[in-house]
Amino acid sequence: MTRKELIEILSIPHTDTSAIEDLKRRAGEVMVKEVGTDVYYRGIIEFSNICTLDCHYCGIRRSNSRVTDRYTLSKQEIIDTALWCRDAGYGSLVLQSGERRDQPFISFVEDLIMTLRRESVSPRLPEGLGITLGVGEQDEHTYQRLADAGAHRYLLRIETTNEALYRRLHPSSQRLSERISCLRSLRKIGFQVGTGVMIGLPGQSIDMLADDILFFRDMDVDMIGMGPYIVHEDSPMARQGMMEKEALMQLSLNMIAAVRLALKDVNIASTTALQALYPDGRERGLAYGANVTMPNLTPQDVRKGYQLYQGKPCVEESKNECRECLLGRITSIGRKVGFDAWGDSPHALQRTQARQVLS
Ligand code: SAH
């Protein structure tokens with residue numbers, strides 16, 4: 001895939017049905033060949049909305065004083081939810097939160113991972129739940145501690161690889177170079193690394209998105225999670241608006257297909273933000289080559305406190321309701337769920353095997 005080919009794919013408009021059908025077919029073929037047809041679940045627990053950062057786009061950023069219910073779930077609440085996740089056959093868990101770098105927080109997460117690894121072992125899941133972390137930028141020593149505790153995947157979206165755009169989205173203390181160096185540390189430590197971007201940001205061009213995909217490829221990442229940028233009304237970026245819904249949806253789907261064609265054997269998530277645009281948004285993502293989805297397990301009483309953007313779906317639903325609904329949605333498009341498995345990407349497995357051969 002050249003930059004020019006990527007730009008061509010990303011430019012397909014929602015009105016060009018024959019180009020769209022062709023793109024879906026190509027992305028689907030690569031998906032089937034490289035990662036198979038199963039859809040893997042990662043139950044996500046948004047365990048704290050306390051955040052020390054101030055990203056201009058995000059609803060839970062530090063200076064949003066309208067978020068009055070800042071919460072952190074107790075260890076027991078998280079473990080109970082994780083065991084529900086295991087018993088529902090979801091083989092992997094994502095622990096995501098706002099960003100804190102203080103020692104009490106890191107020790108809390110470290111202890112949590114160790115307990116989860118131990119307590120989630122079952123006959124159906126002999127190694128326990130797969131654990132993915134999304135707790136933002138940390139120093140290498142901290143990442144190492146979290147890996148030693150038993151986490152094996154890490155998600156850190158780069159958000160955009162365009163330096164000027166990155167600067168517009170964040171306070172000056174947050175730097176693109178720092179985020180890239182975090183991704184390098186995660187890889188060095190041996191995590192399966194996931195990254196991604198927001199799509200349709202004010203000031204973002206198709207060329208920038210094509211460069212983002214080339215960055216994913218050059219960084220040799222194992223997992224991709226991308227979603228449309230959706231305005232949050234209490235954010236500094238609110239007055240800049242957002243892309244028109246239909247065009248934004250198509251651009252997001254084109255991104256998924258382009259990443260599948262360019263990176264081939266990685267896991268690609270069909271994210272919740274797609275569903276915020278259209279009720280069937282996640283199924284549509286799966287039809288463009290995505291193979292992972294992340295059912296929300298955050299307890300109902302705190303879900304409203306984790307609104308990264310406006311119109312986040314399922315804030316009123318319980319995890320049981322989400323489970324039924326999602327299974328129906330996936331089977332409706334003729335796909336099957338890969339229950340009771342970690343569902344690592346073939347890309348990551350190959351690297352692990354190569355390392356074993358070398359040593
Ligand atoms: N603090 C953690 C995770 C929380 S935010 C971290 O930095 O990794 C998780 C993701 O939500 C972000 O990476 C961002 O890409 C996305 N996000 C935040 N605000 C958003 C918005 N307004 N629209 C769409 N996605 C958003």
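As the structure lists them, so they are numbered: ligands from 1, and atoms in each ligand from 1. Position 1 is the first residue of the sequence; numbering continues from there.
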Carboxylate-amine/guanidinium contact Lys4 Glu8, below 4.0 Å:
yes
Taking atom CE of Met198 and atom OH of Tyr57, what is their separation to the nearest 0.5 Å?
4.0 Å
Can you tell me which residue pairs pass the salt bridge (Lys or Arg N to Asp or Glu O under 4.0 Å) test with a partner in residues 250-276, sequence neighbours excluded?
none
List for me each residue that meets side chain to side chain contact (heavy atoms under 4.5 Å, CB included) alongside Thr142, sequence neighbours excluded, and say none if there are none.
Ile106, Gln138, Asp139, Leu146
After noting the C-alpha distance and the side-chain angles of Ser48 and Thr72, does the key distance pass the side chain to side chain donor-acceptor pair (under 3.5 Å) rule?
CA-CA 4 Å; Ser48 174; Thr72 301; 3.0 Å; yes
List, ordered by chain and residue number, the protein residues whose closest non-hydrogen atom lies under 4.0 Å from any atom of ligand 1.
Tyr57, Cys58, Gln96, Ser97, Glu99, Gly134, Gly136, Arg157, Glu159, Arg179, Met198, Pro228, Tyr229, Ile230, Tyr306, Leu308, Tyr309
Set of ring-ring contact (aromatic ring centres under 6.0 Å, His included) partners for Tyr229, sequence neighbours left out:
none
